[in-house]
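I have placed the structure first, in the form of structure tokens, so that the comments after it can refer back to it.
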Amino acid sequence: MTPDRTTIPIHTSPVPRAQPMKRHHSASYYAHRVRESLSTRISKFICAMFLLVLFFVGVIAFILWLSLRPHRPRFHIQDFVVQGLDQPTGVENARIAFNVTILNPNQHMGVYFDSMDGFIYYKDQRVGSIPLLNPFFQKPTNTTIVTGTLTGASLTVNSNRWTEFTNDRAQGTVGFRLDIVSNIRFKLHRWISKHHRMHANCDIVVGRDGLILPKFNHKRCPVYFT
């Protein structure tokens with residue numbers, strides 16, 4: 001007979017894990033960490049304040065630029081009349097008269113105008129020109145009235161051109177363009193800008209009676225520099 005074999009269980013105990021060693025820092029170490037943290041916070045605060053000041057300086061500079069930058073003079077056509085337009089042979093007595101206002105919209109800046117000239121165009125063809133003003137200085141927010149009358153030699157209208165006028169009049173209206181030209185400079189205290197060649201173009205339409213139509217009267221004229 002085979003003898004019985006008894007299995008003896010073997011129990012193993014778990015190996016205890018090694019406990020991590022706690023590091024003990026000195027007081028000087030913690031003082032150094034506090035100083036680093038404080039320095040970082042101070043640096044961030046200084047950078048934030050610098051950026052804030054820079055932002056406000058930029059906003060103030062932008063506002064000053066908006067308030068001090070030059071604004072172009074504003075031209076408005078106030079009156080325009082072509083006398084004798086109802087006469088088929090009125091070329092000999094032809095007369096064109098107009099009235100324009102110039103506003104300096106700048107609050108603190110004056111404008112120097114050199115001599116000013118006016119030109120009348122019909123279908124992009126010049127039909128007259130006239131000197132308007134001698135050089136002058138316009139104070140801030142001031143308005144200047146400009147008047148002009150073209151007759152005789154200042155009008156380059158022949159019988160053929162006058163016939164075109166009367167033909168348009170028969171259709172109800174006649175269109176003209178007034179071009180006012182001058183060299184201008186802006187002045188702020190002791191600062192004076194360079195010269196700018198200024199053009200004010202006023203589109204005008206007159207009726208059968210030679211008077212400007214109401215919708216074109218008091219109309220603002222576009223201004224541009226060349």
Side-chain angles (χ1 to χ4, degrees), residues 71-105 111-138 142-186 195-226:
H71 295 278
R72 301 175 183 181
R74 296 176 184 174
F75 288 71
H76 290 82
I77 184 72
Q78 301 296 338
D79 195 14
F80 191 95
V81 58
V82 183
Q83 295 182 355
L85 190 60
D86 56 344
Q87 302 175 11
T89 58
V91 61
E92 296 179 358
N93 300 318
R95 181 176 182 270
I96 298 178
F98 59 85
N99 185 344
V100 176
T101 58
I102 308 173
L103 169 66
N104 177 6
V111 181
Y112 283 108
F113 287 85
D114 290 353
S115 58
M116 183 179 294
D117 299 306
F119 304 89
I120 303 293
Y121 292 87
Y122 169 76
K123 295 181 178 179
D124 291 330
Q125 298 295 319
R126 186 185 297 182
V127 296
S129 61
I130 183 176
L132 294 177
L133 291 176
N134 292 323
F136 68 98
F137 176 75
Q138 190 178 39
N142 193 23
T143 300
T144 302
I145 300 175
V146 180
T147 59
T149 302
L150 291 81
T151 59
S154 59
L155 281 174
T156 56
V157 179
N158 54 30
S159 58
N160 292 332
R161 185 70 68 189
W162 191 262
T163 300
E164 293 184 41
F165 289 175
T166 55
N167 290 339
D168 285 351
R169 176 184 176 275
Q171 300 297 322
T173 60
V174 185
F176 295 92
R177 176 167 58 88
L178 171 63
D179 186 17
I180 298 177
V181 181
S182 180
N183 291 320
I184 69 171
R185 292 172 296 164
F186 297 98
H195 281 91
H196 300 275
R197 185 70 169 173
M198 181 209 68
H199 295 260
N201 282 334
C202 306
D203 291 323
I204 301 155
V205 177
V206 300
R208 294 177 184 270
D209 55 0
L211 299 178
I212 186 172
L213 297 182
K215 69 177 182 179
F216 288 91
N217 205 16
H218 309 293
K219 186 177 180 180
R220 183 173 174 178
C221 307
V223 175
Y224 65 93
F225 295 145
T226 57

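We're numbering straight along the sequence, starting at 1. These numbers come from the heavy atoms of this one structure, side chains and all, not from hydrogens, waters or symmetry mates.
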For the student: nearest non-hydrogen atoms of P73 and M198, plus distance | CG-SD, 4.4 Å
Are any of the side-chain heavy atoms of R74 and V223 separated by less than 4.5 Å?
-> no
Neighbour count above 12 (heavy atom, 6.0 Å) for N134 CG = no
Report the C-alpha separation of V100 and I77 in whole Å, then their side-chain angles, then the decisive distance to 0.1 Å, and conclude whether the side chain to side chain contact (heavy atoms under 4.5 Å, CB included) test is met.
-> CA-CA 5 Å; V100 176; I77 184 72; 3.7 Å; yes
d(R72 CZ, F186 CZ) to nearest 0.5 Å is 8.5 Å
CD1/I204 to CG/D79 distance, rounded to the nearest 0.5 angstrom?
-> 9.5 Å
Could you name each residue pair satisfying side-chain hydrogen bond (donor to acceptor under 3.5 Å, both in side chains) that touches residues 202-216, not counting sequence neighbours?
-> none
Check: Q78 and H218 side chains under 4.5 Å, non-hydrogen atoms = yes
Gap separating the CZ atom of F75 from the NE2 atom of H199, nearest 0.5 angstrom = 11.0 Å
Quick check: does any side chain N or O of Q138 sit under 3.5 Å from a backbone N or O of I102, one acting as donor and the other as acceptor?
-> yes
Would you check if the side chain of T143 reaches a backbone N or O of L103 as a donor-acceptor pair within less than 3.5 Å?
-> no
State, with a plain yes or no, whether a side-chain heavy atom of T101 is found less than 4.5 Å away from one of V146.
-> no
CD on Q125 to CZ on R177, rounded to 0.5 Å = 10.5 Å
Test item: E164 and K123 side chains (from C-beta on) under 4.5 Å apart, heavy atoms = yes
For L155 and I96 the tightest heavy-atom approach is CD2-CD1, 3.8 Å
State the CG-OG1 distance between N183 and T226, to the nearest 0.5 angstrom.
-> 8.0 Å
Determine whether L132 and F98 make a side-chain contact, defined as any pair of heavy atoms from C-beta on separated by less than 4.5 Å.
-> yes
Keeping the roles fixed (side chain from T156, backbone from V127), state whether a donor-acceptor pair exists under 3.5 Å.
-> yes
Are any of the side-chain heavy atoms of F113 and T144 separated by less than 4.5 Å?
-> no
Got Y121 and N201 here, is their nearest side-chain heavy-atom distance under 4.5 Å?
-> no
D168 side, atom CG; Y122 side, atom OH - distance, nearest 0.5 Å = 3.5 Å
Please name the pair of heavy atoms, one in A97 and one in T149, separated by the smallest distance, quoted to 0.1 Å.
-> CB-OG1, 4.1 Å
Minimum heavy-atom separation for S115 to S182, with atom names?
-> O-OG, 3.4 Å
Sequence neighbours excluded - salt bridge (Lys or Arg N to Asp or Glu O under 4.0 Å) pairs with any residue from residues 217-226 | none
Quick one: closest heavy-atom pair of T166 and L85, and the distance?
-> CG2-O, 4.0 Å
Does the side chain of P131 come within less than 4.5 Å of D117's, by heavy atoms?
-> yes
What are the two closest non-hydrogen atoms of F165 and V174, and how far apart are they?
-> O-CG2, 3.5 Å
